[in-house]
2 protein chains.
Amino acid sequence: MAHLQRHMVVTRRKVRAGQYLYRNGQPFRALHFVHAGFLKTCELSEDGREQVTGFRMHGDLLGVESIGLGAHTCDAVVLDDAEIWELPYPLVLDALQRIPELQVRLAAALAEEIRRDRVWMLVIGTLPAEQRVAAFLLDLASRLARLGFSARHFILRMGRADIASFLALKHETVSRALSHLEKLEYISVLRREVRLLDIPKLRACVGTPCTLQ
Amino acid sequence: MAHLQRHMVVTRRKVRAGQYLYRNGQPFRALHFVHAGFLKTCELSEDGREQVTGFRMHGDLLGVESIGLGAHTCDAVVLDDAEIWELPYPLVLDALQRIPELQVRLAAALAEEIRRDRVWMLVIGTLPAEQRVAAFLLDLASRLARLGFSARHFILRMGRADIASFLALKHETVSRALSHLEKLEYISVLRREVRLLDIPKLRACVGTPCTLQ
DNA sequence: CGAGTAGTTGATGTTAGTCAATTGACGTGG
DNA sequence: CCACGTCAATTGACTAACATCAACTACTCG
């Protein structure tokens, strides 16, 4: 998080589920701070292929990937009614001038984004389907925990198809992986309601020492 | 490219093939501008899995993913003898203060990195093996072309295993894909020497209109 | 020259994808 | 309120793509 929203006047914008916050090709005029709600970002190809590249929630900054360009290069789709704080890009540039510390914070936020993406490349490149799904659940859980929500019990805001796209799988495969993790009693899952029953075992299966909980 | 190296004293460093430029966990002290040579970056997991996240050549800036941290979070391995210009991070911060334009350039360079990574997520998430390999060759070709080298004829600086890791495949699959593209007469390949014989057809098979050449 | 490494290719195995049927939730309008 | 249509999710049967294992070749470098 870049703390940018503390140093300028922001426009608060409510966006309903199903709406686009911005779309590929639209002019890039602002960064967007997610104050509430839930979104996904999608990369698009010329021939209509689509890849979910991430899920965003409170505290996340959207649109940074378009810095230096005139237009957005991906879609941001609201999955759960959101309140977005718009940080007009000219004001951002202003603030960066006035408060030198912000420069470093912004660069750090961008760098963190790169690191996050690369960790997912590692997950997708080296783990089989079920373990990717486990990694996804653990990531979601730890992000929710950082916001003060329960890490053990939560509602998925996205459909199986979105999870599948993000993990480079098909939705049937995600569904089977969830069912199997349930049979192992690592989780319980009913439609979009998820409970993590055995976090250490989940973490073991994605090859990381248990730090969450 | 961030033009940073034009605004400060840089240390020039020769690094031989096989050496690490930096390793996961080492203190982060500088950004690295690739003046010559060829490198790969690798993301590592706690349990020893490894993922190649990119290949770098002249004009690329390395280490940006560690901005905001005290230590590097990945490995940078030299594949072909390199000359690296070190930009000590304190001097970078200095320059950002002195030359406000650089802030924007650095942020833009970081944003470009994010966009690049996301395009590869799209490739890996939506294209089958052979088309990933075609996309890889076309990307390499266009980067070489931008540097004034031939886009139609070049030497791969990395092994099949590195290409495979980058594309989330196995090295045998890459080998077969290359052989098949050769049988189709889209390319010719002998060990590491590659010729692109039919760029439009290669581009068609990755689903992008033909812009290269 | 000989060992070691990188690449290719073939045979076989496994995982995830495809296709299809079914169930359950939700929303609308009769 | 219930019937209906729609959409999301699950599950099964089958298939295809890629991985695995193994043999072999050809460079590379002491």
Side-chain angles (χ1 to χ4, degrees), chain A residues 16-18 38 40 49-52 77 79-81 123-137 154-184 187-195 205-206, chain B residues 16-19 38 40 49-52 77 79-81 123-137 155-184 187-195 205-206:
Chain A
R16 317 229 88 206
F38 200 86
K40 66 173 175 180
R49 283 170 293 123
E50 201 177 316
Q51 173 73 20
V52 174
V77 185
L79 297 176
D80 195 15
D81 296 357
V123 165
I124 287 164
T126 63
L127 293 180
E130 188 171 307
Q131 299 174 25
R132 290 185 212 175
V133 172
F136 169 77
L137 293 176
F154 49 85
I155 307 294
L156 297 173
R157 259 54 202 217
M158 73 297 279
R160 300 293 187 263
D162 284 331
I163 302 174
S165 169
F166 180 62
L167 297 174
L169 298 169
K170 297 292 158 180
H171 74 273
E172 295 96 328
T173 305
V174 170
S175 190
R176 284 186 236 273
L178 289 169
S179 299
H180 189 237
L181 289 170
E182 182 164 50
K183 207 167 68 187
L184 294 172
I187 68 172
S188 88
V189 57
L190 181 63
R191 294 183 62 73
R192 296 196 175 184
E193 184 177 3
V194 175
R195 255 170 241 276
C205 101
V206 304
Chain B
R16 316 228 88 204
Q19 299 296 111
F38 201 87
K40 66 172 174 180
R49 284 169 293 122
E50 202 177 315
Q51 173 73 23
V52 174
V77 185
L79 297 176
D80 195 15
D81 297 357
V123 166
I124 287 164
T126 62
L127 293 180
E130 189 170 305
Q131 298 175 25
R132 291 185 211 175
V133 172
F136 169 77
L137 293 175
I155 306 294
L156 297 173
R157 260 52 201 218
M158 73 297 282
R160 299 291 188 264
D162 285 331
I163 302 174
S165 170
F166 180 62
L167 297 175
L169 298 168
K170 298 292 158 181
H171 72 273
E172 296 95 328
T173 305
V174 171
S175 190
R176 283 185 236 273
L178 288 169
S179 298
H180 188 237
L181 290 171
E182 181 165 50
K183 207 168 67 186
L184 294 173
I187 67 171
S188 87
V189 58
L190 181 62
R191 295 183 64 71
R192 296 195 174 187
E193 184 177 3
V194 176
R195 256 171 239 277
C205 101
V206 305

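Computed from a predicted structure; not experimentally measured.
- End-to-end axis angle of the helix from dC1(C)-dG30(D) to dG30(C)-dC1(D), from C1' rotation axes over five pairs per end: 40° (rounded to 10 degrees).
- Atom CG of L178(B) is separated from atom P of dT9(C) by 10 Å (rounded to the nearest Å).
- Residues passing the salt bridge (charged side-chain N to carboxylate O under 4.0 Å, His left out) test with R49(B) are D47(B), sequence neighbours excluded.
- Note: CG (L169(A)) to P (dC18(D)) measures 14 Å, nearest angstrom.
- One interatomic measurement links the two molecules: NE2 of H180(A) to P of dT15(C), which rounds to 11 Å at whole-angstrom precision.
- With sequence neighbours left out, R195(B) forms a salt bridge (charged side-chain N to carboxylate O under 4.0 Å, His left out) with E193(B).
- In this structure, the separation between CG on L184(A) and SG on C205(A) is 8.5 Å, given to the nearest 0.5 Å.
- At distances below 3.5 Å, at least one donor-acceptor pair connects side-chain atoms of R132(B) with backbone N or O atoms of I124(B).
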Quiz item: What one-letter contact string describes nucleotides 24-30 of chain D from 5' to 3', where B marks a base within less than 4.0 Å of any protein heavy atom, S marks contact via sugar-phosphate atoms alone, and - marks no contact?
Solution: -------

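- Scanning for side chain to side chain donor-acceptor pair (under 3.5 Å) contacts around Q51(A) gives an empty result, with sequence neighbours left out.
- Between L137(A) and L178(A), the closest side-chain pair of non-hydrogen atoms falls below 4.5 Å.
- When the side chain to side chain donor-acceptor pair (under 3.5 Å) test is applied to E130(B), the partners found at least two apart in sequence or on another chain are H180(B).
- Going from atom CZ of R192(A) over to atom C1' of dG24(C) covers 14 Å, rounded to whole Å.
- Taking CD1 from I163(A) and CG from L169(A), the interatomic distance works out to 10.5 Å, rounded to the nearest 0.5 Å.
- For A17(A) against L79(A), the heavy-atom pair with the smallest separation is CB-O, 3.6 Å.
- Inter-residue side-chain proximity for T126(B) and E50(A) is flagged as unmet; no heavy-atom pair is nearer than 4.5 Å.
- Listed by first then second residue, pairs satisfying side-chain hydrogen bond (donor to acceptor under 3.5 Å, both in side chains) with a partner in residues 156-175 of chain A read K40(A)-D162(A), D80(A)-R157(A), not counting sequence neighbours.
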When you compare the protein's N or O atoms with those of nucleotides 18-22 of chain C, which come within less than 3.5 Å of each other, and at what distance?
{"unit_1": "dT18(C)", "atom_1": "O4", "unit_2": "R176(A)", "atom_2": "NH2", "d": "2.8"}
{"unit_1": "dC19(C)", "atom_1": "N4", "unit_2": "E172(A)", "atom_2": "OE2", "d": "3.3"}

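- Within residues 127-136 of chain A, the residues having any heavy atom closer than 4.0 Å to DNA chain C are, in order of number, P128(A), A129(A).
- Counting all heavy atoms, side chain and backbone alike, V189(B) lies closest to V194(B) at CG2-CG2, 4.1 Å.
- Residue I187(A) holds its CD1 atom at 6.0 Å from CD of E182(A), rounded to the nearest 0.5 Å.
- Phosphate contact (OP1/OP2 of dT11(D), side-chain N/O of S175(A), threshold under 4.0 Å): absent.
- Near DNA chain C, meaning a heavy atom under 4.0 Å away, the residues from residues 157-165 of chain B are G159(B), R160(B).
- By the ring-ring contact (aromatic ring centres under 6.0 Å, His included) test, F38(B) is found to be paired with no residue, residues two or more places apart in sequence or in another chain being considered.
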